[in-house]
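Note that ligands are numbered from 1 as they come in the structure, with each ligand's atoms numbered from 1 the same way.
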Amino acid sequence: MRYSKAFIPTQKEAPKDATTPSHSLLLRAGYARMVGAGIYELLPLGMRVLTRISTIIRDEMDRAGAQEFLMPAIVPAEYFKESGRWDSFGPALFRLKDRKGGEYHLGPTHEELITDLVRREVRSYRQLPLNLYQVQMKYRDEPRPRAGLLRCREFLMKDAYTFDVDEAAATESYGIMREAYKRIFSRLGLDYRIVEADSGAMGGSTSAEFQVLAQNGEDAIVACGSCDYAANVEVAEAHFKETKQTNGKMGAREKVHTPGVHSIGEVISFLGGGLRPESTLKSMIYIVDGKPVMAVVRGDHEVNEVKLARVLDVEEVRLASDKEVKKVTGASVGFAGPVDFDGRLIVDRAVTHVLDAVVGANETDQHYRNVNHGRDFTGDVHDLHLVTEGDGCPKCNDHLRLYRGIEGGHIFILGTHYSAKMGATFVNDGGKSLPVVMGCYGIGVTRLIAAAVEQYNDDDGILWPMAIAPYQVHIAPLGNDGEVAAKSEEVYQALRAAGVDALIDDRKERPGVKFKDADLLGMPIRVTIGKRGLASGEAEVKERNHKDAEAVSFDTLIDHLTALVVKRGGRLLDVS
Ligand SMILES: [Zn+2]
């Protein structure tokens, strides 16, 4: 492609409402434009990325035995009414009426339609298993469309549905699709983690998210540096390290006057003497069914409220107000502690290993020193704290790390939820009529464009992974020199003949402008051809994610670039 002919409307300023790099960069670099809240146009460069991503997805779906089909985006209301989702989907469903008053909606997902198709067309176990997928626009009236292509109201999605004779066969289909998803995300060049819904359980997982790691991800996840353990922070477990500090002798409990000292940080600087946060205890008071519950964690830990609610067998817990804390402990906020606490006490298991802790004394301006679990207080011991960086992996005990993730894919076994409700049955080999067992597999194709940019960007622009870059090589001829232009054109043609997808910046722009735009657009390899290089017979080759460039002789340039494209995960065009 010639830059002078390409439609790449870059802009200097980031959009005012841009909160994430992908939102800002995709608009600035001319990949997309917004036409309404959560509604976007993909311009040619954006479309090329989208096509590359969907090609990889289709390739792997086909390899996994799935067959592509296409359902309508506009769906008569009867199917969602039959499943109950016409009501339960609520305002997220885009509803519309035709000229006769007939009710329709725009498809947010298609379980009902596909279940209906199978209900009509599948009769016998001989027609199963069945695996169908589509790549189609989906519609959800998000309450807060945000962050550009990360959360849109119209977006391209790959959704696949599997149909099997029983749970075991469905699990097998699930396993095949899970492998296909792994290949897809690896081929896209994304750093991702598979987050199992019921992590920790040995096998038998029936749902998993494919989380693309990125600083601005909506989901907080923890993952192991050594093994494949990954989980949402809310449910993540930590290996309980037996780091008993209690080998030492317990000191005698003493009360210390700590005027105006509320937080753990204030306690530490007030008491001094090398006191560390892990030698203090944090006592949080919650109100559960109208009664106070104290949760005690180490000073460097946070209470995981999801875990606390599970321990207490309630839907959710509410942190007590300042007034309630005062009423319960008799002290102002910041001085609560487990000793002689009048109420239910839930203690994190890490607390049981703290020797001579500092805790609030349930008296304003008073703390205790040398408090020990077992001697000075008891309570129910559970895994209660939010997993933190450095906690042990529950599988292998190596360090866990915290990440933010963007959900790029979601796979799960649906079971017979829709098929039983909608009567999608088949006759098994014993002549018995049974509901088909379904699985459902989604990938947010549009979202992956943004997720890739979230993962790969710097101050100057985008750094596309080779496999999904709009162009593999960006040729930058420098200066208004006839020879340079001719040589650049020669390289451009030779690359095309070798199957490399190249963009040549043939604009009459200054070198500074060309370099700036090359960095902003983010093609993985830049080839610079200038007068000086021409004299020495070399071009400058620079990878977007490398600091340094290298000089490559024109004699070997095409071979060098072709090999580099392949090495970085790119595929050459079929030029035969
Ligand atoms: Zn591990």
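Annotation: Glu234, atom CD; neighbour count of heavy atoms from other residues, nucleotides and ligands within 6.0 Å is above 12.
Put simply, the side chain of Thr55 does not reach to within 4.5 Å of the side chain of Glu60, judged on heavy atoms. A heavy-atom distance below 4.5 Å is not found between the side chains of Gln455 and Ile406. Residues Leu386 and Val233 have side chains in contact (heavy-atom distance under 4.5 Å, counting atoms from C-beta outward).
Salt bridge status for Arg193 with Glu209: absent, with no side-chain N to carboxylate O gap under 4.0 Å.
Within the protein, the N, O or S atoms sitting under 2.8 Å from the Zn ion (ligand 1) are Cys224 SG, Cys227 SG, Cys393 SG, Cys396 SG.
With sequence neighbours excluded, the residues forming a side-chain hydrogen bond (donor to acceptor under 3.5 Å, both in side chains) with Glu302 are Lys282, listed by chain and number.
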